[in-house]
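Computed over heavy atoms, backbone and side chain alike; hydrogens, waters and symmetry mates excluded.
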Amino acid sequence: MGIDGLSLFFVILTTFLIPICISVGWSSMRSFGKEYITTFLIREFLMIAVSCMLDPLLFYVYSESVPITMLCGAEHLLFAGIKCFLYRGLVQ
């Protein structure tokens, strides 16, 4: 792991945006508050780890594990799979 100028920007951007994302969606997720926060914290850790990875293999592993948190807490697994498929298709 390491940090350079570009990854420092992404780490700061991630730590700034995650609390904003949590607060924006909080009103619709009051009944699953603990799971909601846990999912966002796991996603934040994975995004910071992707930004700091210097090894290409671990970079690939961490970048592919970020969308897994989208599947957590989904009401319907088929809908979550479609969201994950669309997310991966739009990014790549």
Side-chain angles (χ1 to χ4, degrees):
M1 289 187 77
I3 212 165
D4 58 0
L6 186 62
S7 61
L8 178 65
F9 171 72
F10 285 128
V11 168
I12 291 172
L13 186 67
T14 301
T15 56
F16 177 72
L17 287 178
I18 290 293
I20 294 172
C21 292
I22 289 173
S23 63
V24 166
W26 183 254
S27 62
S28 63
M29 294 300 286
R30 287 185 195 263
S31 59
F32 297 106
K34 187 188 303 183
E35 293 85 0
Y36 185 70
I37 296 292
T38 304
T39 304
F40 265 103
L41 290 178
I42 290 170
R43 176 172 280 193
E44 182 177 14
F45 165 74
L46 290 172
M47 287 191 294
I48 289 173
V50 165
S51 298
C52 296
M53 275 302 141
L54 297 176
D55 183 29
L57 179 67
L58 288 176
F59 175 81
Y60 176 74
V61 169
Y62 278 114
S63 64
E64 289 296 320
S65 63
V66 170
I68 292 173
T69 57
M70 289 177 61
L71 298 174
C72 297
E75 295 178 33
H76 304 289
L77 193 56
L78 178 64
F79 180 68
I82 292 170
K83 280 187 354 184
C84 188
F85 175 74
L86 290 175
Y87 173 75
R88 296 304 303 161
L90 293 175
V91 170
Q92 293 178 351

If you group Ile, Leu, Val, Met, Phe, Trp and Tyr by side-chain heavy-atom gaps below 4.5 Å, do [X] and [Y] land in one group?
{"X": "Val11", "Y": "Phe16", "answer": "no"}
{"X": "Ile48", "Y": "Met53", "answer": "no"}
{"X": "Phe45", "Y": "Leu13", "answer": "no"}
{"X": "Met47", "Y": "Phe40", "answer": "yes"}
{"X": "Phe10", "Y": "Leu46", "answer": "no"}

* To do: Looking only at non-hydrogen atoms, find the nearest pair between Ser51 and Ser7 and report the distance.
  =>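 Residues Ser51 and Ser7, closest heavy atoms: O-CB, 2.9 Å.
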| query | In Å and rounded to the nearest 0.5 Å, what is the CG to CD distance from Leu17 to Glu44? | reply |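 Result: 10.0 Å between the selected atoms.
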